[in-house]
Amino acid sequence: MAKKVLITGGAGFIGSNYVHYYVQQHPKDEVIVLDKLTYAGNLDNIAGLIKERKVTFVEGDIADQDFINKLFGREQFHTVINFAAETHVDRSIIDPHIFVHTNVMGTHNLLLASRDNEVKRYHQISTDEVYGDLGTGSKNYFTESTPINPNCPYAASKAAADLLVMSYYETYKMPITISRCSNNYGPYQFPEKLIPFFFKLASENKPLPVYGDGLNVRDWLYVLDHCSAIDLIVSSTKYGEVYNIGGHNEYTNLEITKHILRFLGKDENLITFVEDRKAHDRRYAMDPAKIERELGWAPSVTFDQGIKKTFDWYVENAAWSAKLTDRSHKALLSTKMEACKVPQKTTR
Ligand code: NAD
Ligand code: DAU
């Protein structure tokens with residue numbers, strides 16, 4: 001049966017990739033994309049789908065309770081998938097307030113409206129960062145039973161949202177699920193996050209501000225493999241469950257940086273070690289065994305395949321990235337370029 005589906009944050013990086021994926025997988029469903037179009041939201045990402053009337057776009061704020069209640073009162077959503085969030089850790093260190101406002105209050109507004117309007121499936125997009133830091137010296141992984149232990153305001157706001165979602169399952173028996181994914185890369189990622197940011201800087205022969213010693217480890221997943229995992233979860237009959245998503249692709253930031261430089265044929269002297277990020281988690285690594293076992297999920301590409309597709313996309317879509325000139329992004333960029341003028345010594 002055709003469903004009416006609300007996808008929030010669908011003009012952002014992962015959300016827009018998911019909107020494309022969803023429309024392809026479920027052509028009969030009615031898709032409504034809700035997005036506030038912050039600096040990170042870009043309607044160009046889904047403009048073709050809007051033009052072809054494959055999705056309907058609504059501009060709005062999940063943290064505006066009145067607006068959310070009216071929207072849910074007007075539309076009878078079967079499924080709600082919440083990608084909308086403030087997502088950049090560096091920004092959460094500078095200005096945590098908006099992270100609590102959007103990620104906690106916004107999620108709660110969606111939960112309340114979903115409960116009151118008897119939504120049949122609420123899915124929350126969460127992150128591995130809620131688990132905190134695996135540290136060095138061990139080869140353990142985050143599992144779904146790893147205690148929540150976030151370190152930066154972004155991660156804490158996402159953890160708070162997860163706890164609210166879980167409480168709605170326990171208290172109101174709401175049909176919820178939560179997925180926690182590792183670091184994504186791929187098309188449409190705003191060039192403030194490590195891979196698109198360093199790709200753009202290196203292309204322009206600018207210094208690459210590597211935090212600390214560059215040996216922090218992240219577990220990278222191609223964005224469409226995240227999308228396929230979410231789709232399996234929302235299409236399943238599982239409720240009240242958390243699923244970890246990750247592809248066992250652990251790399252240090254320095255390895256990623258050198259990979260970008262090699263692809264672009266640039267010199268490693270662009271690497272500039274700068275002061276470390278505050279509360280910088282040393283290592284994230286996901287154990288995706290549960291989603292593999294229960295839902296048969298597997299990534300479709302290796303890291304080498306996914307990153308090649310991504311770099312090719314950046315080259316072919318340089319104009320897409322050049323258009324993103326938000327004022328707050330320029331300010332952050334300029335702070336980072338200033339930091340590069342006082343490089344830190346590392347003890348590698
Ligand atoms: P993004 O920053 O690229 O996009 C976020 C989107 O949400 C933007 O379109 C923005 O306009 C919208 N938005 C922000 N505040 C809003 C509000 N108050 N109301 C409505 N819309 C609002 O983020 P992303 O990287 O695509 O992340 C999407 C989700 O996935 C987030 O919940 C994030 O926590 C989670 N996640 C991201 C990663 C990653 O590596 N990027 C990994 C795991 C989980
Ligand atoms: O792990 C999932 C999370 O991944 C998501 O929940 C977040 O929304 C997403 O932003 C991302 O968080 P990270 O902090 O891991 O991503 P970021 O791209 O900001 O940084 C990746 C690593 O690179 C991290 O160790 C910090 C480092 N870094 C990043 C930037 C932007 C630098 O050394 N220099 C930089 O300028």
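Read the numbers this way: they start at 1 and go in the same order the structure lists the ligands and their atoms. Count residues from 1 along the sequence. Source: prediction; values computed, not measured.
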Nearest-neighbour protein heavy atom for [atom], which is reported as residue plus atom name and distance:
atom: atom 30 (O) of ligand 1; value: I125 CG2, 3.3 Å
atom: atom 3 (C) of ligand 2; value: E129 OE2, 3.2 Å
atom: atom 21 (N) of ligand 1; value: K36 N, 3.1 Å
atom: atom 18 (O) of ligand 2; value: L194 N, 2.7 Å
atom: atom 11 (O) of ligand 1; value: D35 OD1, 2.5 Å
atom: atom 27 (C) of ligand 2; value: N253 ND2, 3.4 Å
atom: atom 40 (O) of ligand 1; value: N184 N, 2.9 Å
atom: atom 5 (C) of ligand 2; value: Y154 OH, 3.5 Å
atom: atom 5 (C) of ligand 1; value: A85 O, 3.5 Å
atom: atom 19 (N) of ligand 1; value: I62 N, 3.0 Å
atom: atom 42 (C) of ligand 1; value: S182 O, 3.3 Å
atom: atom 43 (C) of ligand 1; value: C181 O, 3.4 Å

Problem set entry | For S126, the ligand 1 atoms whose distance to one of its heavy atoms is below 4.0 Å | 43 (C), 44 (C)
For this session: Enumerate the atoms of ligand 1 whose separation from the nearest heavy atom of Y154 is less than 4.0 angstrom.
Result: 33 (C), 34 (O)
Just heavy atoms, cut-off under 4.0 Å: does [X] contact ligand 2 by side chain, backbone, both, or neither?
X: T87; value: both
X: D128; value: side chain
X: K193; value: both
X: D281; value: neither
X: N183; value: both

For this session: Please step through side chain to side chain donor-acceptor pair (under 3.5 Å) for the pair Y168 and H108, ending with a clear verdict.
Result: CA-CA 10 Å; Y168 269 61; H108 190 247; 2.7 Å; yes
Evaluating non-hydrogen atoms only, which member of [options] is closest to [atom]?
atom: atom 27 (O) of ligand 1; options: T87, N109, I195, T102; result: T87
atom: atom 10 (C) of ligand 1; options: I14, T38, L221; result: T38
atom: atom 32 (O) of ligand 1; options: K158, R218, E129; result: K158
atom: atom 14 (O) of ligand 2; options: R282, R218, R277, E86; result: R277
atom: atom 29 (C) of ligand 2; options: Y251, Y211, F273; result: Y211

Considering only heavy atoms from C-beta outward, does the side chain of [X] approach that of [Y] to under 4.5 Å?
X: R283; Y: N216; answer: no
X: C152; Y: E129; answer: yes
X: D312; Y: F263; answer: yes
X: Q124; Y: T107; answer: yes
X: Y18; Y: D231; answer: yes
X: R91; Y: L332; answer: yes

Exercise. Do you know which of L71, N82, I7 makes side chain to side chain contact (heavy atoms under 4.5 Å, CB included) with L34?
Worked result: L71
Problem set entry | Passing option when I307 is tested against Y222, W220, Y185 for side chain to side chain contact (heavy atoms under 4.5 Å, CB included) | Y185
Between [X] and ligand 2, is there a nitrogen or oxygen pair with a distance under 3.5 Å?
X: W220; result: no
X: V210; result: no
X: K336; result: yes
X: T127; result: yes
X: H280; result: yes

Exercise. What do you reckon, does K158 put a non-hydrogen atom under 4.0 Å from ligand 2?
Worked result: no
Problem set entry | Element-labelled atoms of ligand 2 that are located less than 4.0 Å from some non-hydrogen atom of Y284 | 1 (O)
Seminar exercise, completed: For V89, the atoms of ligand 2 under 4.0 Å from one of its heavy atoms are 14 (O)
Exercise. Are K193 and T87 close enough that a side-chain donor and a side-chain acceptor fall under 3.5 Å?
Worked result: yes
Measure the acute angle between the ring planes of [X] and [Y], then classify it against the limits of 30° and 60° as parallel, tilted or perpendicular.
X: H329; Y: F190; result: perpendicular
X: Y284; Y: F142; result: tilted
X: F303; Y: Y251; result: tilted

Just to check, does [X] reach to within less than 4.0 Å of ligand 1 when the distance is taken from its heavy atoms?
X: A11; answer: yes
X: G10; answer: no
X: G60; answer: yes
X: T8; answer: no
X: F83; answer: yes

Exercise. V119 and F72: side-chain contact (heavy atoms from CB on, under 4.5 Å), yes or no, with the steps?
Worked result: CA-CA 9 Å; V119 163; F72 276 66; 4.0 Å; yes
Seminar exercise, completed: Contacts of Y22 meeting side chain to side chain donor-acceptor pair (under 3.5 Å) (sequence neighbours excluded), chain-then-number -> D29
Seminar exercise, completed: d(H88 NE2, I93 CD1) to nearest 0.5 Å is 8.5 Å
Problem set entry | Residue portion contacting ligand 1 (non-hydrogen atoms closer than 4.0 Å) for D128 | neither
Problem set entry | S182 side chain vs D219 backbone, donor-acceptor pair below 3.5 Å | yes
Exercise. Would you call D281 and R218 a salt bridge, using N to O less than 4.0 angstrom?
Worked result: no
